[in-house]
Amino acid sequence: MIQIDDILESLRTEDDATGLDKVRRAYAFADRFHQGKERLSGEPYISHPIEVARILSRLHLDADTIATGLLHDTLEDTPVTVDELRAEFGDDVAEMVDGVSKLSRISFRTSEQRQAESFRKMLLAMARDIRVILVKLADRLHNMRTLHYHPADRQRAIAQETLDIYAPLANRLGISWLKSELEDLAFAALEPDTFKEIEAEVARHAAERETYIEEVRKKLEETLAKHGIEGEVQGRIKHLWSVYKKMQKQGIEFGQIHDLIAFRIVVPSVRDCYAMLGIIHSTWRPIPGRFKDYIAMPKANMYQSLHTTVMGPGGQRMEVQIRTDEMHRVAEEGIAAHWKYKEGRGGSRGDESRFGWLRQLMEWQKELKDSREFMSSVKIDLFPEEVYVFTPDGDVKELPRDSTPVDFAYSVHSDLGHKCTGAKINGRLVPLKTPLKNGDIIEIITSPNQTPSKDWLKFVKTSKARNRIRHWVKEQEHQKSVELGRELLEKELRKYGVAFHRAMAMESMARVLAELSFKNSDDLLAAVGYGRVTTGQVIARLLPDRVKAEPPKPSRLGQVLDKIRKKPSGGIRVQGLDDILIRFAKCCNPLPGDAVVGFISRGRGVTVHATDCPKVLETDPGRRIDVAWDLAQKAAHAVKIRVYCIDIKGILAGMTVAIT
């Protein structure tokens, strides 16, 4: 078991006495609260936090992060509280330990690619300090190293989660060695037989390959010296998971893989990189199409290197990477060393712009000489406009920030949204307009008698929820208007002794629909119900002979409507309608000269809005109607006047006199 003194020794060049003291106190604190507990291996539990801290020290992280590694399980497994950690170790450590604990409570239950990507984004969104993710990765790496102590089914579940979530996260953060080790450990648990076969194949000719690597390495070093270039040469065999993926992708056997061996040449400058590339190509024949210049065109995580594959000694293919010291540190340690971020090829343009923010951290690092000052400034919110929540089955849903349970319900299924009567967040009953937070588990309560409410439009955030609710409301209002139109027309037809069903079956009904530009009788009835078409207009076309011979006496309701219609229109002309009641919307208070639109209100005539009024967007388009100002007609309009003035003595009295 690694001792705390080894970690402190690695920190001495990075931190002052205060930082070292904090790490010592964190170790003593964790040791006290984990006392008497054991891991599945039988080792004292404190061995795990120490190993996590050691992995973090390998990434050259600061004392606060090392302390967090030592304390990362105290909130979850001991009676310790966040306030106690804050009092003992400060805000940064307390917040990071709390962040790691929150991430640890989340279980990932599906390996579907889109879900895995959403889950990775959710982890990043929840971790406002990037160091939380680094601690979580170190925690996962040590758990993977001791995975064999778990039952077989648990091993597979943890390994799959590692392959789907944590290895890609390490890749995003540019920490190549950590990514490779996580992948190989997961591979060994998920495909033990295949892993052993490939491992055995690699081991079978290991001695020959080691000899070959050593020969080529010496030749490359001699070449560097001959051309006066200082540099370091490393040779290695590619890690097993990458070999397996290559076999799968190309559909080949192990024996058909020709570029198992890779060499890395680290030189002082970019000029030396290109010089060395020319020397290698003149020494060994390059393979066409296998050269990549990531120096001129860096990867998304600012990874830079020259890659080429050549036919080396003995006709063996070998990959050669050429980079500077700085590029090598970025490639090996990623954001942990040089604060650059990588998004995989599957990322969207929006993701790229967010991750670009982290690339600026390199500039900040140059300005901040104190590493602790820099670390404390590394607070991230990569996905500020999104929130990631769980269904009860463990699926991740990505929603806009401030989304509500209603948005969540519609994102699952329209019927679930329509029948939604309530919601539980993390097991607690909450109002439907409650904003969701990252990591929430949402359960929707439904009822077969529930229907969407127009009030939901005031708080839903997703376009899907808004459109589904509007569509449902529109359908309901249309149906109500059809029923009202039928009732009005049926009542009017009785005055002429004609039954409604007979009138609908008349041959002249087709002419009525054509003249009034309706496709079917339901649309006509809805227009009557809305007030867009009067019953008189319909009957005059349907029963022209009877209307001329026997005009009906106006009913008492008709007399009232006539009085309403004769009220002044306020200087507004309504297309296709005469003498109809006009109202002006109080929300926007349109004035002559403003662009306006009408909205038919059942029983209240036409309400006139300014076209840019937000309320208009919420109205049913089927009930909007073209209106225009009749500037020839004089009309009085109530207006609101806002006066801006200099605050001097007597100004209010002066304005009152002027108004009077």
Side-chain angles (χ1 to χ4, degrees), residues 111 113 116-117 120 137 140-141 144-145 147 156 159-206 208-210 212-213 216-217 233-266 287 289-292 294 299-301 303-310 312 316-323 327-328 330-334 342-347:
S111 60
Q113 184 57 42
E117 181 60 26
R120 290 193 289 268
L137 285 172
R140 176 52 59 112
L141 178 57
M144 287 299 295
R145 287 172 177 174
L147 189 63
R156 290 187 62 81
Q160 189 64 57
E161 184 179 277
T162 300
L163 210 53
D164 290 335
I165 306 301
Y166 293 100
L169 268 179
N171 189 37
R172 279 185 171 184
L173 295 169
I175 312 170
S176 59
W177 69 267
L178 202 155
K179 164 195 170 271
S180 297
E181 188 172 347
L182 285 174
E183 286 175 342
D184 280 353
L185 290 168
F187 179 29
L190 290 170
E191 303 280 352
D193 293 338
T194 309
F195 178 86
K196 286 173 185 174
E197 284 176 18
I198 296 176
E199 189 178 38
E201 287 287 350
V202 171
R204 185 172 295 131
H205 302 287
E208 294 173 26
R209 290 195 187 95
E210 289 296 335
Y212 183 83
I213 288 171
V216 175
R217 192 182 66 78
V233 181
Q234 299 169 353
R236 63 182 175 85
I237 296 172
K238 293 182 177 180
H239 74 287
L240 302 186
W241 175 251
S242 67
V243 172
Y244 174 63
K245 291 297 285 183
K246 191 163 193 172
M247 289 166 60
Q248 275 195 322
K249 186 178 179 181
Q250 298 181 8
I252 58 178
E253 297 296 324
F254 179 85
Q256 295 173 279
I257 297 178
H258 299 297
D259 52 351
L260 269 176
I261 298 171
F263 290 90
R264 184 179 300 126
I265 303 172
V266 182
I287 305 298
R290 297 299 302 270
F291 168 65
K292 293 173 184 174
Y294 293 120
K299 289 186 179 182
N301 68 335
Y303 170 90
Q304 290 181 288
S305 189
L306 296 176
H307 289 199
T308 187
T309 302
V310 297
Q316 283 202 44
R317 283 191 183 193
M318 61 185 197
E319 184 183 350
V320 182
Q321 300 171 359
I322 311 167
R323 58 179 72 147
M327 293 172 191
H328 183 58
V330 172
E332 286 298 296
E333 297 173 8
K342 173 181 179 179
E343 169 60 2
R345 281 169 288 183

Exercise for review: Determine, step by step, whether Arg140 and Ile165 satisfy the side chain to side chain contact (heavy atoms under 4.5 Å, CB included) criterion, reporting the C-alpha distance in whole Å, the side-chain angles of both residues, the deciding distance to 0.1 Å, and the verdict.
Suggested key: CA-CA 11 Å; Arg140 176 52 59 112; Ile165 306 301; over 6 Å; no

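- Taken from CD in Gln234 to CD1 in Ile265, the straight-line distance is 10.5 Å, to the nearest 0.5 Å.
- Here the CD atom belonging to Glu319 is positioned 12.0 Å from the CD1 atom belonging to Ile287, to the nearest 0.5 angstrom.
- At a threshold of 4.5 Å between non-hydrogen side-chain atoms, the residues Ile237 and Ile213 count as touching.
- You'll find the side chain of Lys246 stays beyond 4.5 Å of the side chain of Lys249, heavy atoms only.
- Taken to the nearest 0.5 Å, the CD1 atom of Ile261 stands 12.5 Å off from the OG1 atom of Thr309.
- In this structure, Leu185 CG and Leu147 CG are separated by 8.0 Å, a value rounded to the nearest 0.5 Å.
- The two residues Pro168 and Thr162 make their nearest non-hydrogen contact at CD-O, 4.0 Å.
- The 12-atom threshold is exceeded at CD of Gln248, counting heavy atoms of other residues, nucleotides or ligands nearer than 6.0 Å.
- Taking CZ of Arg264 as the reference point, atom CZ of Arg236 lies at 5.0 Å (rounded to 0.5 Å).
- A search for ring pair (Phe, Tyr, Trp, His ring centres under 6.0 Å) contacts involving Tyr244 returns Phe187, Trp241, not counting sequence neighbours.
- Considering only residues two or more places apart in sequence or on other chains, Ser180 meets the side-chain hydrogen bond (donor to acceptor under 3.5 Å, both in side chains) condition with none of them.
- Residues passing the salt bridge (charged side-chain N to carboxylate O under 4.0 Å, His left out) test with Arg323: none are found, sequence neighbours excluded.
- Contact of the Val216 side chain with the Gln316 side chain is not registered, since no non-hydrogen atoms from C-beta on lie closer than 4.5 Å.
- Screening residues 191-202 for side chain to side chain donor-acceptor pair (under 3.5 Å) gives Glu201-Arg204 as the qualifying pairs, with residues at least two apart or on separate chains.
- Under the rule for a side-chain hydrogen bond (donor to acceptor under 3.5 Å, both in side chains), the partners of Arg217 that lie at least two apart in sequence or sit in another chain are Glu214, Glu221.
- Applying the salt bridge (Lys or Arg N to Asp or Glu O under 4.0 Å) test to pairs two or more places apart or on separate chains, those with a residue in residues 174-190 are Arg145-Glu181, Lys179-Glu183.
- Summarising the geometry of Met327 relative to Gln304, their closest heavy-atom pair is CB-O, 3.4 Å, with the distance given to 0.1 Å.
- The two residues Lys238 and Val243 come nearest to each other via the heavy atoms O-CG2, 4.0 Å.
- At distances below 3.5 Å, at least one donor-acceptor pair connects side-chain atoms of Arg209 with backbone N or O atoms of Val202.
- Among all heavy-atom pairs drawn from Ala189 and Pro192, the shortest one is O-CD, 3.7 Å.
- Between the side chain of Ser305 and the backbone N or O of Ile322, at least one donor-acceptor pair lies under 3.5 Å.
- A donor-acceptor distance shorter than 3.5 angstrom exists from the side chain of Arg156 to the backbone of Leu190, with no hydrogens or angles considered.
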